[in-house]
Amino acid sequence: MNLPSPIESITFENQCVFVKRDDLIDDDFSGNKARKFDYFFNHDFPNVKRIIGSGSAQANSLYSLSVLAKIKGWQLDFYVDHIPSYLAKNPQGNYLGALEHGANVISVSEHPQFKQINAATLDLKMAQITQHYLNDNDPCTLLFVAEGGRCEYAKQGVEKLGQEIIVWALAQRYQQCEVFLPAGTGTTALYLQRFFNHHDTQGVTINVLTCATVGNDDYLRQQFSSLETNTDDHPHIINNGKKYHFGKLDLSCYRMWQHVCQQGIEFDMLYDPVGFLVLQHYLRQKKSATHEINWPLLYIHQGGLKGNKTMLARYKRKFGE
Ligand SMILES: *Cc1c(COP(=O)(O)O)cnc(C)c1O
């Protein structure tokens, strides 16, 4: 693993934005998941034979967990609500990669036993599926990973990221800076802010800003609260008044992605376009409010490029070049 990840800069909205290149950490891991699953690499699990995860069939976490399982010699059982028909017919991206690594991708809605489970969300269904595993296996042989790595395991790797940011800010002699990253579950943003609040940053104030890409701001706040009840440790959520649907093709997202990629860094097509649209709004608002200081801004590039090929093909079919 290539750590610490390098920091480069781009020009965005006529100002310098630093970019933390977590996308360069590892060819086989999506940057964000490399951080979150760091714990599993640095600990031995002598009894574990099987790792159980859940999420979407295109998720970066599916692919990254399949790599982890392969390296560790574990079986990966990954539960998805359903497998989209285009993906079942033509496996590609994260899904294909995971299958090639020997992952069991299990569709709950088609499973003879589990399709009967009557629960609103995949998370709730997983609670019952987990019970089946515990009844049938020695619990020591199992490792459960919550959707998107939303669990305490993620803390260690995210704190390493936080430490790298502190070292950088001190070397640059900043007194204050802002870190921005688009959120899925919000786990990464939350653990980062909490780390900066409770760790000795040697006088630098580091504020974490984020935006929702899945659900709305209330959903994201709920996610934060499920991990940490103290709202002082929650990151600051920014938005541009628009609602985006995760994974849905959107012309403004496509144009923004093309725009930022012109700077010579390829960004991901799910999280980053929303991130930059919201950031654009934030920076414009700040500029019009003359008393606001523009602190140095660090954007965290969290990887996820494995899905771009499929997304780009879909975008081109819908909107042209
Ligand atoms: C998983 C992922 C995220 C979301 O991380 P959260 O901690 O769930 O907010 C963002 N970007 C990429 C590329 C990811 O793979």
Side-chain angles (χ1 to χ4, degrees), residues 5 19-39 53-68 78 93-95 97-98 122-123 145-162 179-195 208-217 219-228 233-238 244 246-247 253 257 260 265-276 278-279 299-311:
S5 63
V19 180
K20 178 86 172 143
R21 299 290 307 271
D22 273 9
D23 57 310
L24 301 178
I25 291 178
D26 194 285
D27 279 347
D28 259 341
F29 272 96
S30 189
N32 174 274
K33 304 304 175 281
R35 295 291 186 185
K36 281 186 180 149
F37 299 148
D38 188 63
Y39 177 90
S54 60
S56 116
Q58 295 108 308
N60 296 329
S61 60
L62 165 57
Y63 181 72
S64 293
L65 282 178
S66 78
V67 178
L68 174 71
F78 193 89
N94 289 319
Y95 177 66
L122 183 59
D123 257 1
V145 179
E147 185 167 0
R150 194 188 65 239
C151 46
E152 284 284 328
Y153 292 128
K155 212 178 76 168
Q156 180 171 325
V158 174
E159 293 191 345
K160 227 183 244 181
L161 167 61
V179 172
F180 178 85
L181 67 165
T185 64
T187 308
T188 314
L190 177 90
Y191 285 160
L192 260 188
Q193 183 66 75
R194 197 170 72 176
F195 176 70
V208 177
L209 309 176
T210 189
C211 69
T213 62
V214 179
N216 58 15
D217 291 4
Y219 159 84
L220 186 54
R221 258 185 286 274
Q222 276 170 26
Q223 297 281 317
F224 290 158
S225 296
S226 73
L227 292 165
E228 172 60 62
D233 286 341
H234 290 188
H236 183 59
I237 302 174
I238 58 176
Y244 299 95
F246 191 72
C253 285
W257 179 79
V260 290
I265 297 176
E266 183 184 355
F267 288 92
D268 121 283
M269 299 191 88
L270 289 172
Y271 299 91
D272 290 327
V274 177
F276 279 108
V278 170
L279 193 60
Y299 187 99
I300 303 182
H301 187 328
Q302 305 181 84
L305 303 182
K306 215 173 171 56
N308 274 10
K309 215 172 131 218
T310 334
M311 280 298 279

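Atoms within each ligand, like the ligands themselves, are counted from 1 in listed order. Source: prediction; values computed, not measured.
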Identity of the nearest option to atom 2 (C) of ligand 1, non-hydrogen atoms only, from Lys33, Gln302, Arg35: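 It is Lys33 that holds the nearest heavy atom.
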So between Asn60, Val158, Leu305, whose heavy atom ends up nearest atom 15 (O) of ligand 1?
->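 Ranked by closest heavy atom to atom 15 (O) of ligand 1, first place is Asn60.
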Subset of ligand 1 atoms that lie under 4.0 Å from at least one heavy atom of [X]:
X      : result
Lys36  : 5 (O), 6 (P), 7 (O), 8 (O)
Ala183 : 9 (O)
Gly303 : 13 (C)
Thr185 : 6 (P), 7 (O), 8 (O), 9 (O)

Quiz item: For ligand 1, is there an N or O atom under 3.5 Å from any N or O atom of Gly184?
Solution: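 Looking only at distances, the answer is yes, because the N/O contact criterion of under 3.5 Å is met.
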Discussion item. With nothing but distance in play, are any N or O atoms of Thr188 less than 3.5 Å from an N or O of ligand 1?
Written reply: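 Between Thr188 and ligand 1 (N or O atoms, distance only) the closest approach is under 3.5 Å.
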For Asp28, the side chain to side chain donor-acceptor pair (under 3.5 Å) test, sequence neighbours excluded, returns Tyr63
So, does [X] use its side chain to make a donor-acceptor pair with the main chain of [Y] at under 3.5 Å?
X      : Y      : result
Gln193 : Val208 : yes
Asn94  : Gln58  : yes
Gln223 : Leu190 : no

| message | Could you go through Ser5 and Arg35, starting from their C-alpha distance and side-chain angles, then the distance that decides it, and tell me whether this counts as side-chain contact (heavy atoms from CB on, under 4.5 Å)? | response | CA-CA 11 Å; Ser5 63; Arg35 295 291 186 185; 3.5 Å; yes
ask   = Checking ring pair (Phe, Tyr, Trp, His ring centres under 6.0 Å) against Phe276, which of Trp257, Tyr271, Tyr299 comes through?
value =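 Exactly one pass, corresponding to Tyr299.
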Taking only non-hydrogen atoms of Ser30, do any sit less than 4.0 angstrom from ligand 1?
yes
Exercise. Tell me, please, which residues at least two apart from Asn216 pass side-chain contact (heavy atoms from CB on, under 4.5 Å).
Key: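 With neighbours one apart ignored, the set is Asp218, Tyr219.
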